Amino acid sequence: MIPSLPGLLQAMSLFAVAILIARPLGGYIRKVMEGERVFLSPVIRPVERGVYKVMRIDETVEQRWTSYAVSVILFSFVCILALYLQQRFQASLPLDQGGVPVGPVAPDLAYNTAVSFDTNTNWQNYAGETTMTYLTQMAGLAVRNFVSAATGIAVALALTRGLVRKMSPTIGNFWVDLTRSTLYILLPISIVAALVLVSQGVIQTFASSITVHTLQGAVQTIPLGPVASQEAIKELGTNGGGFFNANSAHPFENPTGLSDWFEMLLILIIPFGLTFTFGRMAGNARQGWALLAVMVIVLSAGSLVAMASEERSNPSIPAAVAGEVNQSAGNMEGKETRFGADSSGLFATVTTGTSTGAVNSMHDSFLPAGGLVPLFNIELGEITPGGVGAGLYGILVFAIIGVFIAGLMVGRTPEFLGKKIEAYEMKMAMLVVLFLAFSILFFTAVATATAAGKAGPLNGGPHGFSEILYAFSSQTGNNGSAFAGLSGNTLFYNVTGAFAMMLGRYAMIVPILAIAGSMAAKRRVAPSLGTFPTTGPIWVGLLIGVIVIVGALTFFPALALGPIADQLLNNAGRLF
Amino acid sequence: MAFEVAAGFRRRLLSSSVIDTARGTRRLAREDRQAQAGGSPRNRGIFDPKMLRGALGPAARKMNPRALAKNPVMFVVEVTAALVTLVFISDFVGLSHGAAQEVGRAPSFEFQIAIWLWFTVYFATYAEALAEARGKAQAATLRKTRSETPAHRRCDDGTFEDVGSSALRCGDVVVVREGETIPGDGDVIEGVAYVNEAVITGESAPVLKEPGTDIRSSVTGGTTVTSDTLTISITANPGETFLDRMIALVEGAKRQRTPNEIALSILLSGLTIVFLLATATLRPFGLYAGAPLGIVVLVALLVCLIPTTIGGLLSAIGIAGMDRVARFNVLAMSGRAVEAAGDVDVILLDKTGTITFGNRLASRIVALPGATEREALEAALLTSVEDETPEGRSVVELARRRLAEIGSGGPGANAAAPSPEEITTVVPFSAESRTSGVILTDGTVVLKGAVDAIVAALDEEAPPELKTLADEISSLGATPLAIRRDGRPLGVIELKDTVKPGLKERFDELRRMGIRTVMVTGDNPLTAKTIAAEAGVDDFMAQAKPEDKIARIRAEQADGHLVAMTGDGTNDAPAVAQADVGLAMNSGTSACKEAANMVDLDSDPTKLIEVIAIGKQLLITRGAITTFSIANDVAKYFAILPAMFVVAYPELNQLNIMGLSNPQSAILSAVIFNALIIVALVPLSLRGVAYRAAPAADLLRRNLLIYGVGGIFAPFLGIKAIDLLVTALHLA
């Protein structure tokens, strides 16, 4: 399972540069979120103050975890409602598609889409270029791309504060965290990133579409739109919702090999960077490095498998025709020739290892082993490295479980960062694991057992099962990538999917904030030689073990019936 | 006056020799008690056949679903066992039709699975019953001594009435005569007497009790007065006495789950629900794939995946941990206290009696200019040869040793060595003269004593070296004694409190475990520093008053440390209560014992260190078996999944990396392994994982390798072996 040298170099350069950027970025995020002065303060601070003034927020007042959680939920639900209404009434609102009128979005689809963008999932049961007006795209969807990512950063910071503070009743102010992460982190990077993307040929226009005559003499209408501004935050905020249905496989979203590499970089920098933020706030950079190591190791392993798998030729093409099909470039079905098998495998791993869900190739067309990687990544719980903020708070839950299981083996009651892990924290951590498993398995079971669910998948057998399993895994994990092949725009999938997305987001955030609150109130045990080390290689190995055994093995039976059976049957020449 | 002081010395000597004898016989006595209590662990171990048999019945009773409901993991196993039994019965009598195409739908297979599921539950309850057995036996012995004893209660008018011990209330005053049993816990308010406390401590040697002293005035109900008469003020109501509490504790009657156990149970319950979800949804998934999965197969997968190993052994581990503490003659008031002991990272230890022996012993004899060392040593020997105090004996011992080392070759070897026969008069120590020694037959006076007293009696000006030496010795917290032979100063004896041997190594060990030791003493800082350096403690508190201790504990706790300390006096009580782990000496006052969360029946303060090790061992055992249990799941997936889906996707047999012979055997082998591993780990749960003092990182590396990595690979071997056996016996 070793990919070719160019593939390896691409992956290595990507991770190396991402880590190089993440380190200073992580420090910057810490400063911003703790209200310290940064180089952008002279420009942004007045805007920030203005926001507080308009919103009547006292930035000096912190919240207990309960009121922090209520704020998150309240804000999200208001956003969901607003986005729903905007889609329903988009026909009456200004800006259509550059002169082309667009009708209202159907109620169940509008609901699914509103939840999808507000939970940072960006599952899309629609094609953006035909369903949404430019205003919906820009003032609706793109805005949610910012605030849902900012919410993730806010919650991650709240949990980190809870873990590092001593006997504190509060864990920060959600409104302040939300404002700061949007204004200081997401907006400036997005602006720079959009310009870089434009330089590569990503379009940014209010013009409608252009009509071209193809070489074959046919006439083709190509939709345009303000793509670059949305593309930058789509990747940076690990949102993944494409302007076009083809997402990052579309030449206007992702025109070149360099833009492809750059988009992957955008995806990784904040999830990586937050581990440095965590390390700095914990007062021990090695704490952050350990989490980063876990993320990079799992991500690298997935990348190797996915790239190597897609570089192979499809074993099920019969020998008789194999000579006529040039498979020297690997399994190229559903891939863009400007990216190739390696970049497609790498992009698929990066986009699912984070909860982005942008795609530059069709995961459904991957060989089953290659398709297993995105699915497995999602089912790990979107924590390696996971979404913006969501990855950090997710991996911290597994760190708490890992410390609890193995920490006893050093002869002390378990503690993480000097905070004792007790019944309450375990209850909340197990709730997170439970909701995750419930949402994926229960909705998949319902779909496989009902006519409405069975109508969805395009393929039969284990491949069809994978399509269903992937859909609910992706929505629960707030990833949003589609395995494709599933007709998702039905009442059944719109409604169940929206529930899965909400469970995956809020049923995680609330227990996590509860952990933050209860940990913040605890006294911090001083470290000594007798303290369980949450740094270093043993801890990294242990945490990977816990994530795989406790997190992912739950889905092993389901995976066996899906991609694993699919691959083994594929090897034997059976297709679905 | 002089005589009285000497008598005082002698009495102290007597009582201390009683303690010495007691130390010698302690182990013996304890083993006696354990033999009475139904088996010495040292002799018969955990697998005493009588106890093994005795646990069979209680284990079966513990399978009552209502009792088992406290343990969610095993409760689920029991429910599934009942379910599979029902399926077996219905299939056996031919009630079920149309389920034939489901995997594993054969009565013989269902029967075997059902049997092994019941065994899984039984093995778990058996482990718990076995862990409780020893405590129960010990409690039975103690209960015998708690029987109603007659008491002579003093009435308001000063007369005495005879009542039963159960009629006594707090504040009553009773008189106990020689040979009678003390009817309840109390404080001595009158009289001096010896009391035999063997029933509590296992020490057969009697202990002196007298009023007004912190550590000798408290008595325990059930102990016996062996000489004289005591008047006692009762301090505990019936049912609340020390003995009652002790019985309840060793029996585990009121055993409450510790915070860590509760948290672990939550983890285990959570995992159980997750796996319940994972197996329940397999039914529709299987149907979708065209391979309906029977309930028996799903149940087998569920039971193998949920953490039955730790779920079954969790309470046994806790009980056994408490029992280990009890066998160490330490009474822990709760399991929480034992767990807290594992967390301790700062220990406050009293200098006197804990770190040092508490009495000053001769450490050096230095000759003054003008005298040879031999002369000084011989004089020192003479002054002390009739001195029966520990100080005196230590001078004799040191002088003899040094003389033997010098041999006959040293300077002054030819001088006549005085023999004890030459002594005519013994000059005892008196508070006025502050000297003691002997007068020889030739009239020579050889005395040792306080430096200024000796100097005053000299013929000549005292040499300046004497003062320098004396000052140096006092500055280090030791006591200088000068020696004179008639009017001539010969040397100086240094009397010093001595650090107990082996403590330095113990403190090094603690340091490796990440535990800091703080010595508490009333000495001046210079003295404290010297002893601290000698004992190898990390820190010391000099000139400490009781309230300083409590302030120090609070300060350490505020810095995030967990503090343990020992205490015996009433003024220790607040600090003992404030500490996270307070170990009271059984010889201490009842106030102190009340405040503590552990009582050491042997009154040996250094035991705190062992208690900490036991606490750590308990937690490590719990963690090791949890890790092992969860790591086991990996192999079980590989055993059961290919077998389950053999109808739908025979290609999945490639996941059968163990090469198990057939689907039914694979599933059965996994279930059998899952049941037997509980039995296999019972000894480990009851004895505890071997603990050695090492930094947490080392412990983690070692235990993770054994129980984590081992836990992943062990079941591959185990299941394969069982599969071979199952196939050979044609069971499946």
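Values in this document were obtained by computation on a predicted structure and should not be read as measured data.
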Whatever's closer than 4.5 Å to a heavy atom in chain B on A/F442 counts as backbone
Turns out that what part of B/I612 lies under 4.5 Å from chain A's heavy atoms comes down to neither
Under 4.5 Å to a heavy atom of chain B? For A/V550 that would be side chain
Tightest non-hydrogen contact, residues B/I266 and A/M426, listed as CG2-C, 3.9 Å
Separation between CG (B/L267) and CD1 (A/I400), nearest 0.5 Å, reads 12.5 Å
One should read off an interatomic distance between A/M409 CE and B/L704 CG, to the nearest 0.5 angstrom, of 4.5 Å
Okay, B/A697 and chain A: the region with an atom under 4.5 Å from a heavy atom over there is both
Fill in: Close side-chain approach of B/V634 and A/V548, heavy atoms under 4.5 Å
no
Scanning both residues in full, the closest heavy-atom pair of A/V410 with B/I620 reads C-CG1, 3.9 Å
Cut-off 4.5 Å, heavy atoms of chain B, and the answer for A/F438 is both
Ranked by heavy-atom pairs below 4.5 Å to chain A, first place among B/L699, B/V689, B/L652 goes to B/L652
Given B/A263, B/P642, B/A340, B/P259, the one with more heavy-atom pairs under 4.5 angstrom with chain A than any other is B/A263
Okay, A/P537 and chain B: the region with an atom under 4.5 Å from a heavy atom over there is neither
The interface call for B/I630 against chain A, heavy-atom contacts under 4.5 Å, is both
Heaviest contributor of heavy-atom pairs below 4.5 Å to chain B, chosen from A/P557, A/P533, A/G530, A/A447, is A/P557
Rounded to the nearest 0.5 angstrom, the CG-CD1 distance for B/L641 and A/I564 is 8.5 Å
The interface call for A/L436 against chain B, heavy-atom contacts under 4.5 Å, is neither
Separation between CD1 (B/I310) and CG (A/L408), nearest 0.5 Å, reads 8.5 Å
Cut-off 4.5 Å, heavy atoms of chain B, and the answer for A/L553 is both
- Message: In terms of relative ring orientation, are B/F285 and A/F465 parallel, tilted or perpendicular, with 30° and 60° separating the classes?
- Response: perpendicular
Value for CD1 (A/I401) from CG (B/L271), rounded to nearest 0.5 Å, stands at 7.5 Å
Only pairs under 3.5 Å, no angle test: what donor-acceptor pairs are there between chain A and chain B?
residue, atom, partner, partner atom, Å
A/L408, O, B/I620, N, 3.4
A/M409, O, B/N703, ND2, 2.9
A/G411, O, B/K616, NZ, 3.4
A/T413, N, B/D343, OD1, 2.6
A/T413, OG1, B/D343, OD1, 3.2
A/T413, OG1, B/D343, OD2, 2.4
A/K420, NZ, B/D343, OD2, 3.2
A/A526, N, B/G560, O, 2.9
A/S528, OG, B/G514, O, 3.2
A/L529, O, B/A696, N, 2.8
A/L553, O, B/Y637, OH, 2.6

Donor-acceptor pairs under 3.5 Å, side chain of residues 298-307 of chain B to any protein atom, not counting sequence neighbours: which ones?
none

Heavy atoms of B/G286 and A/L561 approach each other most closely as N-CD1, 4.2 Å
